[in-house]
Amino acid sequence: MEGDYIKINHWLKPLSWLYGIGVWVRGFLFDNKIIKSKEYPFPIIGVGNITVGGSGKTPHVEYLIKLLRNEMKVAVLSRGYKRKTKGFVLANNNTKMLEIGDEPFQMHKKFPDITIAVDANRCRGIETIMSREDTHDTGVIILDDAYQHRYITPGLNILLVDYHRLISNDALLPAGRLREPASATCRADIVIMTKCPTDMKPMDYRILQRALNLMPFQNMYYTTMVQKPLRPLFPDETPEIIDETRLPAVMMITGIASPEHMLADFEGKCKKLILMKFPDHHAFTASDIEAINLQYRMMEKPAVIITTEKDGVRLASATGLSDMVRKALYIQPIEVQFIQDEDKFIEQIARYVRKNNRNSNMAERPTQQHGIAVPRPTLQPSQQPERPAVPDAEDSNYSRNGARPSDTGNRGSTGIPIQRHPSFPGFDS
């Protein structure tokens with residue numbers, strides 16, 4: 001079984017205990033209805049996690065958008081992390097990234113036909129969407145990153161858990177990266193184990209199910225991230241890449257919570273890999289852009305620059321990128337691929353929407369004919385996952401011993417040296 005990327009700062013555990021007391025008190029108040037949680041008479045799907053970033057929320061929300069947008073009017077409501085505006089904002093053709101945040105802006109650009117809105121007050125956001133003349137006929141609202149926002153009780157709650165950061169092995173903030181204890185999984189209707197390897201064995205499924213200790217009513221699914229063809233960030237200036245399996249030197253720019261998975265994917269595709277690692281949702285400053293320009297100028301050519309879709313949104317809005325950098329800058333799109341039981345997942349989503357939404361086309365169709373067409377990424381023959389039958393979690397009598405990765409120093413799994421330059425701002429050290 002693959003290792004994980006968990007690092008616990010044990011010296012911070014006293015602070016985690018204090019944080020845990022606050023989390024427990026808050027949960028007690030909601031669980032006992034001392035603080036009220038609203039429910040709404042139309043489909044609301046919550047997607048979130050209990051860790052700080054890095055579980056693949058945006059790709060999974062995009063999967064749901066593709067799943068539902070041909071059947072009904074879809075809206076996505078996010079808080080708009082690190083945006084420069086306040087209150088409720090509805091994205092339109094003139095909306096800028098800083099007005100709604102990088103992830104909502106990314107979804108707005110990819111799906112201009114759906115409603116993208118941001119509001120830190122999710123109740124107000126939902127009620128505004130359903131009362132506006134141009135959005136009142138919304139068929140389903142997807143709440144992005146709302147697992148801890150307990151002022152709303154979604155009709156269907158989806159919890160994402162990173163395969164490489166099992167919550168059963170992690171610790172509460174600030175010692176670990178858990179926002180809530182692992183027992184908070186009890187609020188989920190669906191748990192998706194994300195970023196899974198494609199060669200999982202039946203024993204791996206048993207161990208994972210047992211580790212999460214889910215209730216019988218909770219369904220568990222497994223997904224991986226599939227890389228799509230590299231796309232130029234500035235298509236009018238940058239040529240297409242013909243062969244992505246034999247890249248020259250690569251400079252990777254990441255401003256995401258967990259770049260390790262992406263880093264591992266590229267170690268075997270290039271002769272040299274240089275990582276510029278920035279914090280999650282990082283707003284690129286003039287000095288950051290200067291460092292990017294300088295590092296690329298120092299690299300042996302030919303060389304390309306690869307970044308994530310989310311970072312690409314922020315880099316495209318930044319000023320000062322050199323012409324040389326703009327011509328070498330590519331985005332790595334990713335999509336969700338279910339390892340197994342995708343039809344069962346689609347069926348569960350369709351059943352919930354059909355039951356709660358009278359305006360959906362699915363409400364008029366038998367379950368077996370809900371007619372949802374989902375673009376499904378195709379793995380290469382060497383990557384095709386096995387599809388073993390997975391026993392129910394309650395039938396498993398296995399326990400999990402947390403496997404930890406061995407320290408490879410400055411070498412990736414393929415042995416290629418990864419150059420890091422701590423002298424430049426934002427470089428991984």
Side-chain angles (χ1 to χ4, degrees), residues 43-49 52-69 72-132 134-135 138-149 151-152 154 157-158 160 194 225 231 233 254-258 278-284 307-318 331-336:
I44 297 178
I45 301 174
V47 180
N49 59 20
V52 179
S55 297
K57 291 187 300 295
T58 301
H60 284 80
V61 170
E62 291 178 353
Y63 180 97
L64 289 172
I65 293 171
K66 295 174 186 175
L67 186 68
L68 297 168
R69 64 174 174 165
M72 69 197 72
K73 192 169 182 178
V74 177
V76 175
L77 178 62
S78 174
R79 66 170 171 154
Y81 185 61
K82 287 196 173 182
R83 62 187 170 115
K84 301 298 183 183
T85 56
K86 302 289 185 180
F88 180 88
V89 178
L90 183 68
N92 57 48
N93 294 335
N94 299 316
T95 299
K96 303 293 190 295
M97 187 270 292
L98 291 177
E99 296 175 333
I100 60 174
D102 53 6
E103 291 172 344
F105 189 77
Q106 173 185 321
M107 288 185 277
H108 175 56
K109 287 298 182 184
K110 293 176 78 169
F111 306 102
D113 56 324
I114 74 161
T115 298
I116 302 290
V118 296
D119 197 333
N121 185 327
R122 306 297 177 92
C123 294
R124 179 178 62 195
I126 288 174
E127 290 158 13
T128 302
I129 290 172
M130 300 309 293
S131 62
R132 287 175 59 105
D134 53 345
T135 58
T138 294
V140 61
I141 297 177
I142 302 172
L143 297 181
D144 179 27
D145 196 14
Y147 200 76
Q148 282 74 47
H149 194 90
Y151 293 97
I152 294 172
N157 221 358
I158 300 176
L160 307 180
T194 69
M225 297 297 181
R231 189 174 73 242
L233 180 59
T254 66
I256 56 178
S258 301
F278 296 88
D280 196 17
H281 297 279
H282 180 70
F284 293 101
T307 191
T308 67
E309 287 186 279
K310 184 170 71 173
D311 294 313
V313 165
R314 283 180 271 112
L315 283 170
S317 301
I331 293 172
Q332 176 60 79
I334 58 173
E335 286 187 354
V336 168

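None of these values were measured; they are calculated from a predicted model. Values below: all heavy atoms of this structure, side chains included; hydrogens, waters and symmetry mates excluded.
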Asker: Any chance you could lay out the side chain to side chain contact (heavy atoms under 4.5 Å, CB included) test for His60 and Ile158, step after step, and finish with the verdict?
Answerer: CA-CA 10 Å; His60 284 80; Ile158 300 176; over 6 Å; no

Asker: Consider salt bridge (Lys or Arg N to Asp or Glu O under 4.0 Å). Of Arg79, Lys57, Lys310, which one does Glu103 pass it with?
Answerer: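 That would be Lys310.
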
Asker: Is a side-chain donor or acceptor of His108 paired with a backbone partner of Pro104 at a separation under 3.5 angstrom?
Answerer: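 Pair absent, no side-chain N/O of His108 close to backbone of Pro104.
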
Asker: Out of curiosity, Thr115 OG1 to Leu90 CG, how far, rounded to the nearest 0.5 Å?
Answerer: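 Those atoms lie 6.0 Å apart.
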
Asker: Dump the intermediate steps for side chain to side chain contact (heavy atoms under 4.5 Å, CB included) on Ile45 and Leu68, then the final yes or no.
Answerer: CA-CA 11 Å; Ile45 301 174; Leu68 297 168; 4.2 Å; yes

Asker: Are the side chains of Arg231 and Pro333 in contact, using a 4.5 Å heavy-atom criterion?
Answerer: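 Contact flag for Pro333/Arg231 side chains = yes.
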
Asker: Of the non-hydrogen atoms in Pro154 and Gly46, which two are nearest, and what is the gap between them?
Answerer: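 Smallest heavy-atom distance, with atoms named: CB-N, 3.7 Å.
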
Asker: Closest approach of Gly101 and Arg83, non-hydrogen atoms and distance?
Answerer: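 Answer, listing the atom of Gly101 first, then Arg83: N-CB, 3.8 Å.
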
Asker: Any salt bridge (charged side-chain N to carboxylate O under 4.0 Å, His left out) involving residues 109-125? Give me the pairs, sequence neighbours left out, ordered by first then second residue.
Answerer: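 Applying salt bridge (charged side-chain N to carboxylate O under 4.0 Å, His left out) to every pair that reaches into residues 109-125, excluding sequence neighbours, yields Glu62-Lys110, Arg69-Asp113, Lys110-Glu309, Asp119-Arg124.
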
Asker: Who are the salt bridge (Lys or Arg N to Asp or Glu O under 4.0 Å) partners of Asp144, not counting sequence neighbours?
Answerer: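 Checked Asp144 against salt bridge (Lys or Arg N to Asp or Glu O under 4.0 Å); zero matches.
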
Asker: If you take all heavy atoms of Ile100 and Ala91, which pair is closest and at what distance?
Answerer: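 Distance-wise, the nearest heavy atoms are CD1-CB, 4.1 Å.
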
Asker: What distance do Phe105 atom CZ and Glu99 atom CD have between them, rounded to the nearest 0.5 Å?
Answerer: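 Going from the CZ atom of Phe105 to the CD atom of Glu99 covers 9.0 Å.
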
Asker: Working to the nearest 0.5 Å, report the span between CZ of Arg132 and OG1 of Thr138.
Answerer: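 The CZ atom of Arg132 sits 10.0 Å away from the OG1 atom of Thr138.
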
Asker: So which atom in Ile65 and which in Ile114 form the shortest heavy-atom distance, rounded to 0.1 Å?
Answerer: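 So the minimum-distance heavy-atom pair works out to CD1-CD1, 3.6 Å.
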
Asker: Check whether Ser78 reaches the backbone of Gly80 with its side chain - one donor and one acceptor, N or O, closer than 3.5 Å.
Answerer: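 At least one qualifying donor-acceptor pair exists.
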
Asker: Looking at Phe88 and Gly125, what are the two nearest heavy atoms and their distance?
Answerer: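 Closest approach of Phe88 to Gly125: CE1-O, 3.7 Å.
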
Asker: Any sub-3.5 Å donor-acceptor pair from Asp311's side-chain atoms to Gly255's backbone N or O?
Answerer: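 Present.
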
Asker: Before giving the answer on side chain to side chain contact (heavy atoms under 4.5 Å, CB included), spell out for Leu64 and Val140 the whole-Å C-alpha distance, their side-chain angles and the decisive distance to 0.1 Å.
Answerer: CA-CA 10 Å; Leu64 289 172; Val140 61; over 6 Å; no

Asker: Can you tell me how far NZ of Lys73 sits from OG1 of Thr135, rounded to the nearest 0.5 angstrom?
Answerer: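 Thr135 atom OG1 to Lys73 atom NZ measures 6.0 Å (nearest 0.5 Å).
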
Asker: When rounded to the nearest 0.5 angstrom, what is the spacing between CZ in Phe278 and CZ in Arg314?
Answerer: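 Phe278 CZ to Arg314 CZ: 10.0 Å, rounded to 0.5 Å.
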
Asker: Would you check if the side chain of Thr194 reaches a backbone N or O of Ser55 as a donor-acceptor pair within less than 3.5 Å?
Answerer: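 Yes; judged by distance alone, with no hydrogens or angles, the pair exists.
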
Asker: Starting from the C-alpha separation in whole Å, work towards a yes-or-no answer on side chain to side chain contact (heavy atoms under 4.5 Å, CB included) for His149 and Leu143.
Answerer: CA-CA 10 Å; His149 194 90; Leu143 297 181; over 6 Å; no

Asker: Return yes if some donor-acceptor pair links the side-chain N/O of Thr308 with the main-chain N/O of Thr254 below 3.5 Å, else return no.
Answerer: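 Such a contact is absent between Thr308 side chain and Thr254 backbone.
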
Asker: Using a cut-off of 6.0 Å, state whether more than 12 heavy atoms not belonging to Lys84 lie near its atom NZ.
Answerer: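 Atom NZ in Lys84 is not crowded, with 12 or fewer foreign heavy atoms closer than 6.0 Å.
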
Asker: Please round to the nearest 0.5 Å and tell me the distance separating atom CG of Asp102 and atom CG of Asp280.
Answerer: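 The CG atom of Asp102 sits 8.0 Å away from the CG atom of Asp280.
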
